[in-house]
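Atom set for the values below is all heavy atoms of this structure, side chains included, hydrogens, waters and symmetry mates excluded. From a predicted model like this one, the values you see are computed outputs, not experimental measurements.
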Amino acid sequence: MTTLPVVVIVGRPNVGKSTLFNRLLGEQAAIVEDRPGVTRDRFEREVEWLGRRFLMVDTGGWMPSGSALDEKVSRQVEVAVRGADLVAFVVDVSVGVLDDDESVARWLQTTGKDVVVVANKVDTERREVDVWELLRLGLGEPVSVSALHGRKAGDLLDEITARLGRAGRAIDGSARAGDDAGDGAPTDRPARDDAPRVAIVGRPNVGKSTLFNRLVGEDRSIVHDMPGTTRDAIDTRVEWPDGPITFIDTAGMRRRSRVDEATEQSSVVRSLRAVDGADIAILVVDASEGVTAQDQRLAERVDAAGCPVVVCLNKWDLLDDDAKQVLEAEVTRRLGFVGEAPILRIAAASGRGVHRVGDALREAMVQYRRRVPTRDVNRVIARAQQQQPAAAGARVLYALQGASDPPTFTLFVNRELPPSYLRYLERALREEFDLGATPIKMRVRQR
C-alpha cells in the first residue's frame with residue numbers, strides 16, 4: 001500500500017505543540033488549552049503544502065520523569081519518533097531553554113532521526129534575537145515561528161518539505177509504495193479509500209482504549225486507571241484479512257452536567273462527530289457497573305446517527321453467575337431499542353472474547369452495505385401487503401432500494417401509510433434480506 005512521510009512534533013509539555021499542529025494543518029483538529037497535559041495520545045493528520053503531502057503527528061509532552069501517566073505518554077512519544085522521517089522539536093523561546101528541553105534534545109540525539117528545532121512563540125521581530133539561544137541544544141539552526149499567530153508558518157512548512165525531499169521521501173502527491181503490513185498491524189497512514197470507520201464509544205473508564213489497543217494490535221492509545229485519559233478521537237487504520245478498517249478511539253462521554261472543563265467539552269464534541277462519521281459503533285459498557293442511564297443515552301445517540309451498533313459488555317470476567325443473569329436482564333430492558341444488535345461478553349484487559357468483536361463487525365458491515373435487486377424488494381413488499389393489507393385502501397405501488405450505508409428503501413404509494421404499517425413493511429424487508437441490526441431508512445413518495 002502507499003505511505004506518506006511522517007513528521008512527528010515533540011517537546012516538553014505546554015510549549016505549543018498542538019497549537020503548531022493545528023496551524024500547519026489549517027484547522028482546529030487537536031485540543032488546545034493553556035495548561036500542560038492536555039495532549040496525551042498520538043494524533044495524526046495529513047498535511048498538504050504547495051502540492052506536497054506528508055503525515056503530521058501531534059504527541060503529548062515528553063518528560064524524563066513523572067507520574068505513571070506521564071511515563072505512558074512519554075512511551076507514546078518514543079513510539080511515534082521511531083516511525084518518523086523527520087522530528088519537529090518545539091521549544092518555547094518566551095521562557096528560554098529549560099532543563100527539560102535539554103533532556104529532550106539529548107534523547108533526540110540518540111535516536112539518529114533528522115530533527116528540525118522549532119522556536120515557537122516568536123510573535124514579533126524583537127523576539128528573533130532569542131532564537132539563537134536554542135543553538136546550544138546541539139540540533140542545528142532553529143526555525144522561528146509563532147504557532148498562535150501564524151507568523152512564518154509557511155517558512156517552517158518550506159523547511160519540512162525540503163528536508164523530506166532531501167531524504168528521498170515521496171511528497172509530491174503520489175506517495176510511493178511502502179512495506180506491506182501484517183494481519184492486524186496498524187499502518188497509521190490515512191488513505192482515501194472505502195475502509196469502514198468503527199467508533200468505539202462509552203462512558204469514561206469503561207475500557208474503550210484497552211479494547212481499542214486489543215483490536216489494533218498495539219498500545220496505540222494511553223490506557224490508565226483514571227477517567228478521562230483519552231482527549232482526542234484517535235484514528236488508526238488496520239489491515240485485516242478481510243481488508244482495511246479504521247478504528248476510532250473516542251473520549252468518554254459523561255452527562256452534560258458533569259462536563260465542566262473546556263477541554264472535556266471539546267473532547268465530547270469530537271466524540272460525537274466521530275459517531276456521526278462512523279459506519280459502525282462499538283458501545284462499551286462496564287459489566288461490573290451494569291447498564292446506566294448514561295449508557296442508555298449514548299446508545300440512543302448512536303442509534304440516531306444511523307449506524308449499526310455492537311454492544312460490548314466489558315469486564316464480564318468480574319461477575320459471578322448471579323450477577324451475569326441480572327445484567328443480561330438489564331441489557332434486554334434498557335437497551336432493547338437497539339433491536340438485534342450483537343451483545344458480546346468480553347474482557348478487554350485479558351483479551352478474552354475480543355476475537356468475536358471482529359466477526360460481529362464484519363457481519364454488521366455486510367448488512368450495512370447490502371444491495372437488494374428491485375425485483376426482490378417488490379416481491380417482498382407485495383407478499384407483505386397480501387398477508388396484511390394497509391387500512392383505508394393505502395397501498396405501495398412500487399418500491400426500490402435507493403442507497404446503501406445504511407440500506408435505504410423508497411416506497412411509492414397511492415396515499416399516506418400509517419407509521420405502524422411502515423414498521424411492518426420494514427420488518428418484512430429486514431427478515432427477508434437478513435439485515436440484522438443494521439438501521440434501515442424508509443422513504444415514502446406519494447403519487
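Side chain of Arg53 to main chain of Val47: no donor-acceptor pair is present (N/O by atom type, distance under 3.5 Å, no hydrogens or angles). Side-chain N or O atoms of Arg334 include none that pairs as donor or acceptor with a backbone N or O of Thr332 at under 3.5 Å. A donor-acceptor contact shorter than 3.5 Å is absent between the side chain of Lys113 and the backbone of Leu108. For Asn414 (side chain) and Gln446 (main-chain N/O), no donor-acceptor pair under 3.5 Å exists by modelled atom type. Formation of a donor-acceptor pair under 3.5 Å by the Arg445 side chain with backbone atoms of Leu411 is not found in this model. Looking at Thr374, its side chain never comes within 3.5 Å of a backbone N or O of Leu400 through a donor-acceptor pair.
Thr19 has its side chain out of reach of Phe21: every pair of non-hydrogen atoms, C-beta onward, lies at least 4.5 Å apart. Side-chain contact check for Leu86 versus Val116: some heavy-atom pair is nearer than 4.5 Å.
Looking at every heavy atom in both residues, Pro406 comes nearest to Pro439 through CB-O, 3.3 Å. Closest approach of Gly16 to Asn120, counting heavy atoms only: CA-ND2, 3.7 Å. Residues Gly290 and Arg203 approach most closely at O-NH2, 4.5 Å, considering heavy atoms. Nearest heavy-atom pair across Val357 and Ile282 is CG1-CD1, 3.8 Å. Contact between Val309 and Ala341 at its shortest, heavy atoms only, is O-CB, 3.3 Å. Taking every heavy atom of both residues into account, Leu283 and Gly202 meet most closely at CD1-CA, 4.3 Å.
Remark: Ile248 CD1 to Lys208 NZ distance equals 14.0 Å, nearest 0.5 Å. Note that CD of Glu416 is 10.0 Å distant from CG of Leu422, once rounded to the nearest 0.5 Å. Asp85 CG to Ile160 CD1: the interatomic distance, rounded to the nearest 0.5 Å, is 12.0 Å. Between the CE atom of Met442 and the CD1 atom of Ile440 there is a distance of 7.0 Å, given to the nearest 0.5 Å. From Asn314, atom CG reaches atom OG of Ser288 across 8.5 Å, with rounding to the nearest 0.5 Å. Summarising the geometry, atom OH belonging to Tyr421 is positioned 13.5 Å from atom CZ belonging to Arg423; distances are rounded to the nearest 0.5 Å.
Surrounding CZ of Arg383 are more than 12 heavy atoms belonging to other residues, nucleotides or ligands, all under 6.0 Å away. At most 12 heavy atoms of other shown residues, nucleotides or ligands fall within 6.0 angstrom of atom CZ in Arg375.
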Using a 3.5 Å cut-off and no angle test, enumerate the donor-acceptor pairs between side-chain atoms of residues 385-395 and protein atoms at least two apart in sequence or in another chain.
from	atom 1	to	atom 2	distance (Å)
Gln385	OE1	Val396	N	2.7
Gln385	NE2	Val396	O	3.4

**Q.** Asn22 and Asp58: CA distance, side-chain angles, deciding distance, side-chain contact (heavy atoms from CB on, under 4.5 Å) verdict
**A.** CA-CA 9 Å; Asn22 289 337; Asp58 186 23; over 6 Å; no

Q.
Using the rule given for salt bridge (Lys or Arg N to Asp or Glu O under 4.0 Å), can you reason through Arg430 versus Glu426, listing the C-alpha separation, both sets of side-chain angles and the distance that settles it, and then say yes or no?
A. CA-CA 6 Å; Arg430 185 182 298 278; Glu426 177 184 334; 3.1 Å; yes

Q. Arg356 and Asp359: salt bridge (Lys or Arg N to Asp or Glu O under 4.0 Å), yes or no, with the steps?
A. CA-CA 5 Å; Arg356 292 196 293 270; Asp359 295 336; over 6 Å; no

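Ion pair Arg379/Asp376 flagged as a salt bridge, since at least one NZ, NE, NH1 or NH2 atom sits closer than 4.0 Å to an Asp/Glu carboxylate oxygen. For Asp286 and Lys315, the salt-bridge test passes: some basic side-chain N is under 4.0 Å from an acidic carboxylate O. Look at Glu328 and Lys324 and you find no salt bridge, because none of the NZ, NE, NH1 or NH2 atoms lies under 4.0 Å from a carboxylate O. Ion pairing between Asp114 and Arg163 holds under the 4.0 Å rule for side-chain N and carboxylate O.
A tilted orientation is assigned to the rings of Tyr398 and Phe412, their planes being inclined by 30° to 60°.
Checking Glu300 against Gln296 by side-chain atom types alone, no donor-acceptor pair falls below 3.5 Å. Side-chain contact annotation: Thr292 with Asp295, donor-acceptor N/O pair under 3.5 Å present.
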